[in-house]
Number of protein chains: 2
Amino acid sequence: MNDMRLIRAKSGTNQEGTSAHNRRVMIDALRLNGQLSRAELARATALTKQTVSNIIEDLERDGLVESLEAVRQGRGQPSTPYRLVPEGAFAIGLQIDRHVTRTIAVDLVGRVLARGEANLPAGGPATGVRTILELIEKTRRDLTALAPHSEDRLVGLGAAMPGPFGVEADADDPWMMAAWQNFPLLETLAAGTGLDVGLQNDAAAAATAERMVGAAHGVDHAICIYFGYGLGAGLILNGELYRGANGNAGEIGMILSLPRGASSDERMPLEHRASIASLCKLLDLDPADPDLYGRIDAAAANPDQRLLRWIDAAAFEMRAAVQALETIFDPQTVILCGGLPPGLARLLTEAMMPLLPSIADRRDRGLPRLQVGFTDPWAVAIGAAAEPISRTFDPRFSAILKTRASAAG
Amino acid sequence: MNDMRLIRAKSGTNQEGTSAHNRRVMIDALRLNGQLSRAELARATALTKQTVSNIIEDLERDGLVESLEAVRQGRGQPSTPYRLVPEGAFAIGLQIDRHVTRTIAVDLVGRVLARGEANLPAGGPATGVRTILELIEKTRRDLTALAPHSEDRLVGLGAAMPGPFGVEADADDPWMMAAWQNFPLLETLAAGTGLDVGLQNDAAAAATAERMVGAAHGVDHAICIYFGYGLGAGLILNGELYRGANGNAGEIGMILSLPRGASSDERMPLEHRASIASLCKLLDLDPADPDLYGRIDAAAANPDQRLLRWIDAAAFEMRAAVQALETIFDPQTVILCGGLPPGLARLLTEAMMPLLPSIADRRDRGLPRLQVGFTDPWAVAIGAAAEPISRTFDPRFSAILKTRASAAG
DNA sequence: CTATTAAGTCAATTGTCTTGACTTATTTTT
DNA sequence: AAAAATAAGTCAAGACAATTGACTTAATAG
């Protein structure tokens with residue numbers, strides 16, 4: 001019982017882990033391919049037909065997959081394709097931003113079924129938590145109205161807010177939401193909702209959304225640059241979101257870089273030029289304006305000199321950032337996404353062309369070096385909602401391993 | 001058989017995968033802790049005592065672990081600790097560098113048992129492969145002299161050479177070893193040695209060495225900056241080396257960055273200032289000089305103005321690189337390693353202090369933000385040799401999964 | 001000397017995937 | 001029109017690996 005000295009080790013696994021993994025693999029294969037027959041699943045997963053049959057039977061009984069009409073495809077018995085049942089699972093996503101909070105309900109295939117939005121009072125968590133819990137309640141009621149048994153199939157609540165987490169916060173830094181950083185958010189939400197709660201930063205959430213239903217669908221190595229109020233990156237490595245040692249991986253907005261024309265001692269955080277926040281500052285827009293998105297959209301539709309200068313400065317550094325990320329990660333693609341209007345995203349990416357030369361210049365490329373993903377203020381909330389789905393159903397190493405009972409080592 | 005359309009999926013697993021993983025976990029636990037009893041192993045891995053007993057019995061029969069004398073540690077039956085048998089497995093490492101090739105033989109615990117070195121003729125692979133195969137042969141004979149049954153326990157050959165791989169090579173670029181890039185190295189080595197061959201770039205190999213027997217031992221999130229003839233980084237993420245989509249992750253020397261004092265349009269690859277190659281250029285040293293290491297060591301012992309200027313310039317950009325890597329990866333530590341003499345490594349790291357502020361400034365840090373690892377021209381060869389050991393014995397996701405039979409989808 | 005604690009074993013059990021023969025349904029060949 | 005070939009999918013027995021709970025062994029504490 002009482003091991004005084006620290007024992008370090010990874011945990012082992014057992015048949016339960018095997019079975020759980022194979023179920024997840026099956027669901028993943030159906031998600032990626034839309035529909036597959038048992039025989040196709042067996043070939044795709046390297047499992048035997050019999051094993052696939054058993055697992056599919058289980059999943060069907062659990063209401064996660066359903067059969068479609070048999071299809072004749074040549075010689076041999078016609079195959080019966082299976083697909084995911086959208087109503088097989090639901091999750092709630094919560095975005096906490098500086099001035100606003102949003103909720104989303106999604107189903108197993110990532111479709112959005114309900115949304116909610118509210119302004120966040122300036123008081124920080126003390127008053128904000130009440131608003132948030134009410135908004136979640138409302139979204140659950142809306143979801144239940146659409147899908148009566150959704151409450152029984154709710155797999156969790158995913159929260160997303162700007163990072164970084166756990167870092168010495170400068171209380172006056174508007175980039176950090178200092179008050180929220182020191183608040184026991186996970187515990188409060190878990191107690192207030194009765195759900196399993198996960199937390200990611202907003203860039204990670206955006207990447208989760210891209211992976212489930214966006215440009216990174218089925219891509220195992222992708223960097224999602226999240227261009228929002230701040231700047232971040234969601235790292236999809238080996239098909240999983242990478243979180244780093246403290247959940248702060250990808251906070252690229254805090255990289256100290258040199259503005260165009262500055263001298264080499266004047267390094268400043270990248271997001272001071274490349275972010276919606278910097279744009280607001282330049283265009284004298286109020287970040288708390290509920291129609292900020294619309295105003296930026298309008299400005300992008302008919303860009304003035306100030307905006308063009310901002311784009312030039314941001315693109316200059318973003319071009320370097322993309323080159324650096326490609327060089328560091330060797331991804332299949334880089335995706336620009338976030339809460340910026342599509343028009344602005346287009347202007348920005350156009351200004352970033354041509355991209356700087358990098359190891360991403362390969363003859364065998366399958367995907368473009370840079371593409372635009374979700375440009376939608378709801379992207380983070382969608383990704384937040386996708387996180388519990390991913391956590392519950394995606395194949396991942398940690399899902400195979402036994403969990404340590406309690407104390408031990 | 002003939003699935004025309006592409007089916008994408010991860011593969012499933014079975015009891016074999018379970019068993020393989022648990023064996024690896026056991027070996028990993030012993031490697032990390034030195035020695036553990038069966039009961040301790042059970043607690044550490046979350047497996048049952050009985051399972052641990054069965055696996056340990058297997059491993060003992062296979063000659064991978066051995067028992068030590070029982071120790072009394074209070075009330076209860078004394079426990080019998082087990083440890084890895086160094087002679088349980090061996091591997092050969094091969095470093096191919098621009099002017100020299102090196103071989104290393106290591107055992108299961110990473111001890112170096114034999115070394116070989118040879119100049120690489122200028123002719124590229126056409127003539128170089130013969131030299132290399134002979135050197136490997138010699139090293140295997142040396143190893144057999146020390147450990148008679150080593151040939152039966154050779155788990156593979158690990159090769160390391162400068163990257164990037166598979167990129168459009170500029171034949172004249174001295175940074176790339178263009179001729180070697182287009183040579184079927186893996187196949188040739190496999191055919192010439194009869195061993196399983198793996199390939200990594202030199203920075204990855206250095207990181208593998210740090211992880212098995214160096215500063216990253218037991219650390220799951222570490223960035224190893226490899227300061228060699230070129231500049232690279234080995235990325236240890238979630239306890240595994242990350243390779244990227246094409247095996248080129250971590251080639252940070254190719255990041256375009258701004259030299260101190262340059263104007264913002266003059267971006268140049270980072271390794272043009274921060275690498276042994278750049279130092280050679282500045283100090284008029286011949287990179288092919290067999291005693292390059294000694295000459296640099298001497299220069300660092302008594303630095304002149306030119307060297308100090310080089311250090312200042314390199315440290316200026318390395319400081320930014322460390323800040324950027326910390327911000328991107330959120331690692332537990334950054335390790336500076338490579339084929340540079342310790343004296344130079346000390347000068348360089350001192351010049352990098354104080355580090356730039358980053359999200360790595362946390363109260364709960366367990367490891368220093370920056371530390372110095374191997375500073376040894378043999379580090380890459382050691383890491384190359386460690387790779388087959390790691391591939392064979394370390395717990396990893398891919399080791400659990402079934403391998404696809406052949407074609408399928 | 002007895003009770004307690006902990007390490008480790010034994011033998012039966014359970015859960016999961018695998019195997020090989022078999023059934024079903026369709027197309028191709030004769 | 002019948003037979004052969006092909007492929008999907010099922011059945012029932014088997015193999016494998018971890019688990020369970022009782023048991024043995026060996027030490028210390030009181």
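Proteins come first, then strands; the chains are lettered A, B, ... in the order of their sequence lines, and each starts at number 1.
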Query raised in the report: Where the side chain of B:Arg72 is concerned, which of D:dG9, D:dT19, D:dT28 is the nearest nucleotide?
Result: D:dT28

Query raised in the report: Which nucleotide, D:dA8, C:dG8, D:dT10, lies nearest any side-chain atom of A:Ser53?
Result: D:dT10

Query raised in the report: Roughly how many Å is it from CD1 in B:Ile400 to C1' in C:dC17, rounded to a whole number?
Result: 16 Å

Report task. Just compare C:dT16, D:dT10, D:dA27 and give me whichever is closest to any side-chain atom of B:Arg75. Result -> D:dA27

Query raised in the report: Where the side chain of A:Arg8 meets the backbone of B:Ala44, is there a donor-acceptor pair that is under 3.5 Å apart?
Result: no

Report task. Go through C:dA7, D:dA8, D:dT19 for me and flag the one nearest to the B:Thr51 side chain. Result -> D:dT19

Query raised in the report: Can you check whether B:Phe90 and B:His149 have ring centres sitting under 6.0 Å from each other?
Result: no

Report task. Indicate whether OP1 or OP2 belonging to C:dG8 is found under 4.0 Å from a side-chain N or O atom of B:Thr80. Result -> yes

Query raised in the report: Any side-chain N or O of A:Ser37 less than 4.0 Å from the OP1 or OP2 oxygen of D:dA8?
Result: no

Report summary line: Whole-Å distance, B:Ile56 CD1 to C:dG8 P, equals 10 Å

Query raised in the report: Regarding A:Thr13 and B:Thr18, is there a side-chain donor-to-acceptor distance under 3.5 Å anywhere?
Result: no

Report summary line: Of A:Lys49 and B:Tyr82, the one whose closest nucleotide on DNA chain C sits nearer the 5' end is B:Tyr82

Requested in this report: Please tell me which of the listed nucleotides, D:dT10, D:dA17, C:dG8, lies nearest to the side chain of B:Thr18?
Outcome: D:dA17

Query raised in the report: Is the base of C:dC10 touched by the side chain of B:Gln50 through a donor-acceptor pair closer than 3.5 angstrom?
Result: yes

Report task. Output yes when at least one side-chain N/O atom of A:Asn54 is less than 4.0 Å from OP1 or OP2 of C:dT16, else no. Result -> no

Query raised in the report: Of the nucleotides D:dT10, D:dA26, D:dA18, which has the atom closest to the B:Ile55 side chain?
Result: D:dA18

Report task. Rounded off to whole Å, could you give me the CD-to-P distance for the A:Glu16 and D:dC16 pair? Result -> 22 Å

Report summary line: On DNA chain D, more 5' by nearest nucleotide between A:Pro81 and B:Gln15 is A:Pro81

Query raised in the report: OP1, OP2 of D:dA17 versus side-chain N and O of A:Asn14: anything below 4.0 Å?
Result: no

**Report entry** Interatomic distance, A:Arg38 CZ vs C:dT24 C1' [rounded to whole Å]
**Finding:** 14 Å

Report summary line: A:Leu41 atom CG is separated from D:dT10 atom P, nearest whole Å, by 12 Å

Report summary line: In whole angstroms, the gap separating P of D:dA29 from CD of B:Gln73 amounts to 13 Å

Report task. Could you tell me the separation between the CG atom of B:Leu47 and the P atom of C:dG8, rounded to a whole number of Å? Result -> 15 Å

Query raised in the report: Quick one: do the B:Ser79 and B:Glu40 side chains pair a donor with an acceptor below 3.5 Å?
Result: no

Query raised in the report: Out of C:dT9, C:dT18, C:dT26, which nucleotide sits closest to the side chain of A:Pro78?
Result: C:dT26

Query - Distance in angstrom units between A:Leu59 CG and C:dT16 P, rounded - result: 13 Å

Report summary line: Closest to the 5' end of DNA chain C, once A:Gly76 and A:Ala20 are matched to their nearest nucleotides, is A:Ala20

**Report entry** Donor-acceptor under 3.5 Å (A:Asn33 side chain, A:Ala29 main chain)
**Finding:** yes

Report task. Give a yes/no on whether any side-chain N or O of A:Lys402 is located under 4.0 angstrom from OP1 or OP2 of D:dT19. Result -> yes

Query - Below 4.0 Å: OP1/OP2 of C:dT18 and any side-chain N or O of A:Thr48 - result: yes

**Report entry** Nucleotide nearest B:Arg43 when distance is taken to its side chain, options C:dA7, D:dT19, D:dA17
**Finding:** C:dA7

Query raised in the report: Are A:Arg396 and A:Asp28 within salt-bridge range, i.e. N to O under 4.0 Å?
Result: no

